[in-house]
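Comments concern the structure below.
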Amino acid sequence: MTVEYPPEEFSGTVEPPKGWAAGATAVAVTFQRGVGQMGARRTVSTLRALNQPDGFDCPGCAWPEPGHAHVAEFCENGVKAVAEEATTERVTAAFFAEHSIAELRQRSEHWLGKQGRLTEPMVKRTGATHYVPISWGEAFRLIASELRALPTPDAAAFYTSGRTSNEAAFLYQLLARSFGTNNLPDCSNMCHEASGMALTETIGIGKGSVHITDFVAADLIVVVGQNPGTNHPRMLTTLEEAKRAGATIVAINPLPEAGLLRFKNPQRPGGLFGSGTQLADEHLPIRINGDLAFFKAVNHLLVTAGDTAGDTALDTAFIEQYTSGFEDFADDARSFDWEHFERATGFTREVAERFTEHVRASQRIIVCWAMGLTQHANSVATIREIVNFLLARGNIGRPGAGVCPVRGHSNVQGDRTMGISERPAPAFLDALAAEFGFEPPRASGLDTVDTIGAMRDGGVQVFVGMGGNFASSTPDTAVTHAALERCRLTVQVSTKLNMSHVVTGDQALILPTMGRTERHEAGGVEQVVTVEDSMGVVHASRGTLRKAAPQLLSEVEIVCGLAEALFDDSTRSTVDWGGLARDHAAIRDSISRVVPGFDDFNAKIAEPGGFVLPHGPRDDRTFATPDGRARFTINELSHAATAPGTLLLQTIRSHDQYNTTIYGLDDRYRGVHNGRRVVFVSPDDLEALAIRDGDVVDLRSVDVDGVERVAPRFRVIAYPTPAGSCAAYYPETNVLVPLASTNAAGTPTFKSIPITLTCRAGSGTS
Ligand SMILES: Nc1nc2c(c(=O)[nH]1)N[C@H]1C(S)=C(S)[C@@H](COP(=O)(O)OP(=O)(O)OC[C@H]3O[C@@H](n4cnc5c(=O)[nH]c(N)nc54)[C@H](O)[C@@H]3O)O[C@H]1N2
Ligand SMILES: Nc1nc2c(c(=O)[nH]1)N[C@H]1C(S)=C(S)[C@@H](COP(=O)(O)OP(=O)(O)OC[C@H]3O[C@@H](n4cnc5c(=O)[nH]c(N)nc54)[C@H](O)[C@@H]3O)O[C@H]1N2
Ligand SMILES: [Mo]
């Protein structure tokens, strides 16, 4: 199996990991990156509008804005996200004339992204070696004719990444369904799908149940499988506030992530240079994928304690009034395999007992999690077990308590709310049918992994990507690349150049679009878009910058332009696409009639800070499950075991990337500078494998299907992580993830890939 990424060797430097996040270095890096890519004036004016009520929503993560925005309501990595989009560099037609597609394919994601903003539509025709310019009209007609030539609408797939605004997402799913398919795979399939699935099943809604204000009211905040210092840095401010209000914070993570340990808040006087606030009272260095065993152990301790008359371990009044399935759950929880627990977690029994003491001392508990829980084989079971844990003590629908799946992309949650899903709810389709007078397809569509399989097998022949970088963000890189190459047409609506533009179908289109930072006018008026954050708050976002190139269209205009070419007479679509393209308020009026919770949408977003979507469990302890109660579940104990000599690899983000967008080559908190081909391994494993820090190794997946998957030449770093667990960066390691290795939610097991390390001859620096 070939490796598509240029496997340069690591030539950077390594130092010990940091014990704290943010501080003065973060402020320096923030301004250096901003000014470096945008220039000084643009940096100041852009940052002034970032996350302000009358400005734009940060295109970084989905952490909510607090009710009271600071003058500088942003973080180092938010500024990197903005600088990446607001860069003054440009990719023009001359660039594509100079560089062949084959040549660009040899470049790294880092290099591709640094070339600047895409400026005009480009086409690669059958057999061509280069992209050439194409007009918007011709591009739309090309897509329309390829779509119409398909044997069935299900031979097309419409992917979405999570930056797309609510307005564009709503129209995009309407386009796919008007055409006749539910093939709407999205980045959620690789991200929080397991959270949505487990929460819908147990509490009746697939979203988190806490608001940002709940954090200061919490007694105990558990951060599991999440690295907020890098991926949700503004969450550190929230955690710091909670800490000052008296909360205990426990971090459960195989890595001692800097942001979880100590935070030097740049927003607070003295915050920059002091010793900072200790955040986590306790860091539990769990083995990769030990979390189900961990929460089952805690539930065992709570249930058995609760069996004693008069004991308060369980909230029996809550359990009786609001839940079902408790007795079966408790029966299962009473017996527990502590030996399995120790193998799975790497902890002794005392660790679970100590944690349970924190729990028993806490009336209000929040559990936060991200990819460290969702990208394993047993993710859905793990999250269901966390719900059991919270229900057992009545911690859902109580202020200061609840589930907090911390979303990734800034509008990934909103895109789902707008109907971007391969498995739409029947009620949503009914409402869509009533609003637009057409019969949407009812059969389930393909998710991300299934789309790759269908392209590989020839069933899907046209791929359209609304943002994202499908070629790099997906598993089994070589399989995915071959699948994309088998398509008749691949279309990418993008702001920046990436691998998905150079791994193409027979024909390919690059449709450049405006970003969130840019001012958009249509029909002679300024158009705003809306987004939904991780806590169900919907608010307006107004770009302030002039668009990066005169030819750019907004995502809404692109969807409508394509729809007008595809449905070129009124018998094909009842939607007034041209009218909607010029009037976002009209799109929102339609949304208000189709999506529950959006009544008076236009009026509500006029309020600074927007509005909160209804959430039954949080608002009044109502649960939209079949029996109207929150459900306890039974989850069989399991963990990803490895054979002797093999390690479990988790694939993670560095401090200097946004998914496949590589901002730079440093991972400051983990002590890595100027390179990304590194693998973090525990000293115990290194000793057992006779490998030394500084050696260069190949990472090889344990064979599951006779295909060899290798990521060559990684510099070994001895790192504090439990034995049997190791870590390396995504997307360089995606080549190692077998396509078929998914969980019940269809998410690739990006965080538990069994691998071996092989030393390369002659390597070793120590
Ligand atoms: N700057 C920046 N911000 C981002 C992103 C970015 O790339 N850059 N990406 C965005 C997106 S789309 C997402 S989904 C989020 C991702 O946010 P995170 O989920 O924080 O991102 P990862 O780097 O995947 O980190 C996973 C964390 O889980 C831990 N972990 C891994 N396996 C296990 C396990 O089995 N058990 C436990 N308890 N912990 C485990 C890892 O050590 C690591 O700390 O961030 C969003 N925000
Ligand atoms: N091994 C491994 N693989 C993973 C993960 C992991 O932890 N490990 N994480 C998974 C997760 S959580 C996610 S969410 C996915 C992410 O997968 P994707 O969302 O597909 O990937 P991104 O890298 O976020 O996409 C970046 C591209 O989006 C485009 N873009 C940026 N802003 C805009 C915009 O406003 N509009 C449009 N149209 N385009 C824009 C730019 O061209 C940029 O190159 O990756 C998944 N893959
Ligand atoms: Mo994500």
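In listed order, ligands and their atoms are each counted from 1.
- The shortest separation from a heavy atom of T733 to ligand 2 is not under 4.0 Å, leaving the residue out of contact.
- A cation-pi arrangement is absent between R90 and F95 under the rule of less than 6.0 angstrom and at most 45 degrees off the ring axis.
- The shortest N or O to N or O distance between N498 and ligand 2 is below 3.5 Å.
- For ligand 1, residues of the protein lying within 4.0 angstrom by heavy-atom distance are C61, N77, C191, V224, G225, Q226, N227, T230, N231, H232, I252, N253, P254, L255, E257, I286, I288, N289, D291, A370, M371, G372, H376, G408, H409, Q650, I652, R653, Q657, Y658, N659, K751.
- Between E76 and K80 there is a salt bridge, since a side-chain N of the basic residue sits under 4.0 Å from a carboxylate O of the acidic one.
- When ring centroids are compared, H376 and H639 stay outside the 6.0 Å threshold.
- Remark: side-chain polar atoms of D667 are paired, donor with acceptor, to backbone N or O of H655 under 3.5 angstrom.
- Partners of Q551 by side chain to side chain contact (heavy atoms under 4.5 Å, CB included), not counting sequence neighbours, listed by chain and number: E120, P121, W136.
- The salt bridge (Lys or Arg N to Asp or Glu O under 4.0 Å) search around E282 returns R354, not counting sequence neighbours.
- For the salt bridge (Lys or Arg N to Asp or Glu O under 4.0 Å) test, no residue two or more places apart in sequence or in another chain qualifies with E557.
- Of the heavy atoms in E555, only side-chain atoms (C-beta onward) come closer than 4.0 Å to ligand 2.
- With a heavy-atom cut-off of 4.0 Å, T495 touches ligand 2 through backbone and side chain alike.
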